[in-house]
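Report on the following structure.
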Amino acid sequence: MNNRDTYKQAFSVLHASREISLKEASMNTKKAQRALRPAFVVAISVAAVFGCLGGAYAADLGGIQEKIRLWMGGESVEATIVQDPESTTGAYEVLDENGEVIMGGGGVAIEADGTERPITIDEAADQFNNYVDRDENGTVWLYDNGQAYDITDLVVDGACNVVIQDADGNPAYYEIEDNNGGGYAYSRSPEPSLPMEEYVAL
Amino acid sequence: MRVKTETLIRKYKDNLFAVAFNVCKSAEDAEDVVQDTFVSYHTSRKDFENEEHIKAWLIRVAINRAINVNRSFWRKKSVPLDAYVETLAFETPEAKTLFTEVMRLPEKYRVPLHLFYYEDYSISDIAKLLSISENNVKVRLTRARKALKDTLAEEWDDEQ
């Protein structure tokens with residue numbers, strides 16, 4: 001056998017065994033559990049699930065928590081950010097005034113020397129000001145650090161991918177998906193995870 | 001053109017799993033990548049030129065997602081590579097040795113090697129898939145081949 005045949009024989013043992021679910025909701029959860037490595041200097045990537053955690057309440061408000069103000073539906077509201085009790089580091093939940101979990105997510109920061117660390121509660125709070133929501137008129141908004149983008153026409157079949165320039169001129173890549181009426185899940189990253197042509201520039 | 005996602009899953013899920021495994025070196029992570037990649041296709045309205053175009057897109061997305069998983073803070077605890085290799089049904093001891101040696105190569109060598117030998121992509125195709133120059137692909141392939149030749153000797157000696 002030549003090298004190509006040898007290689008194919010060796011790697012033909014690999015088979016996907018899990019059944020693929022096209023309605024896999026856990027994809028959003030997985031996205032919320034992943035963060036991308038930005039290049040150079042301290043940068044943060046947080047994936048958050050917004051609006052799909054209804055009914056979940058924080059059982060214990062002990063531990064690290066902080067009051068934050070969030071832009072929600074165009075209004076500035078007070079919320080509490082707490083460290084996810086099921087996570088030892090890096091994951092946080094946002095609670096409304098009734099203690100209901102309205103958002104969750106986490107991320108990792110990469111220092112200039114390449115070392116990774118969980119984001120701090122302050123850094124997470126900054127990231128939770130970025131989210132996607134549909135208002136009462138049916139308009140879908142992407143909020144990013146105080147800027148609002150109307151992405152209604154870009155959401156096709158419940159999903160869209162966009163790239164924006166943040167206040168510092170750096171790109172932020174969003175992959176957004178409708179959680180079947182349970183709000184929108186998104187991942188935000190300084191690096192694309194899809195081919196560039198998949199993103200619409202705003 | 002579009003092809004039904006279910007058809008693509010049937011035809012390409014093992015290809016995506018293999019290329020994702022090549023990046024992640026973890027079956028669990030590779031399964032996640034395959035799942036996410038097909039969901040991305042399913043929710044995308046992108047129009048493709050032909051099925052080869054679709055396959056290349058799927059592979060590119062799978063590689064990017066697998067790289068992101070590798071860089072994720074929340075990597076799953078998975079079965080160690082050595083233990084997983086022991087569960088695979090290799091046809092020959094030589095196949096197992098090659099598999100193990102490939103997995104010891106750096107990621108930047110493994111992926112072009114896999115696309116070249118397993119997916120039969122040309123240098124030019126690999127350059128486009130990985131967004132690197134053709135010269136870069138050639139260099140990586142040459143170094144990967146040399147590393148395999150150094151360790152496998154006559155078991156990796158026939159480029160014809």
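Below, all heavy atoms of this structure are taken into account, side chains as well, without hydrogens, waters or symmetry copies. Residue numbering restarts at 1 for every chain, and letters A, B, ... go by the order of the sequence lines.
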Measure [X] against the heavy atoms of chain A and call it side chain, backbone, both or neither at under 4.5 Å.
X	result
Thr97(B)	neither
Tyr41(B)	neither
Phe38(B)	both
Asp120(B)	both
Ala89(B)	backbone

Highest number of heavy-atom pairs under 4.5 Å with chain A: which of Glu94(B), Lys13(B), Arg60(B), Lys46(B)? Arg60(B)
Just give me the residue among Thr43(B), Thr5(B), Ile9(B) that pairs up with chain A most often, heavy atom to heavy atom, under 4.5 Å. Ile9(B)
Heaviest contributor of heavy-atom pairs below 4.5 Å to chain B, chosen from Glu197(A), Met1(A), Gln9(A), is Gln9(A)
Tell me, out of Ala16(A), Ser12(A), Ser17(A), who's got the most heavy-atom pairs with chain B below 4.5 Å. Ala16(A)
Side chains of Arg104(B) and Tyr109(B): donor-acceptor distance under 3.5 Å anywhere? no
Indicate whether any N or O donor in one side chain lies under 3.5 Å from an N or O acceptor in the other, for Asp125(B) and Ser122(B). yes
Please step through salt bridge (charged side-chain N to carboxylate O under 4.0 Å, His left out) for the pair Glu19(A) and Arg10(B), ending with a clear verdict. CA-CA 10 Å; Glu19(A) 192 167 334; Arg10(B) 200 164 49 248; over 6 Å; no
Does the side chain of Pro106(B) reach to within under 4.5 Å of the side chain of Arg143(B), using non-hydrogen atoms? no
Can you check whether Phe48(B) and Trp57(B) have ring centres sitting under 6.0 Å from each other? yes
Assess whether ring pair (Phe, Tyr, Trp, His ring centres under 6.0 Å) is satisfied between Phe17(B) and Phe11(A), documenting all intermediate values. CA-CA 11 Å; Phe17(B) 179 79; Phe11(A) 281 81; over 10 Å; no
Let me see the working for Tyr84(B) and Phe21(B) under ring pair (Phe, Tyr, Trp, His ring centres under 6.0 Å), right down to the final yes or no. CA-CA 11 Å; Tyr84(B) 180 70; Phe21(B) 186 90; 5.2 Å; yes
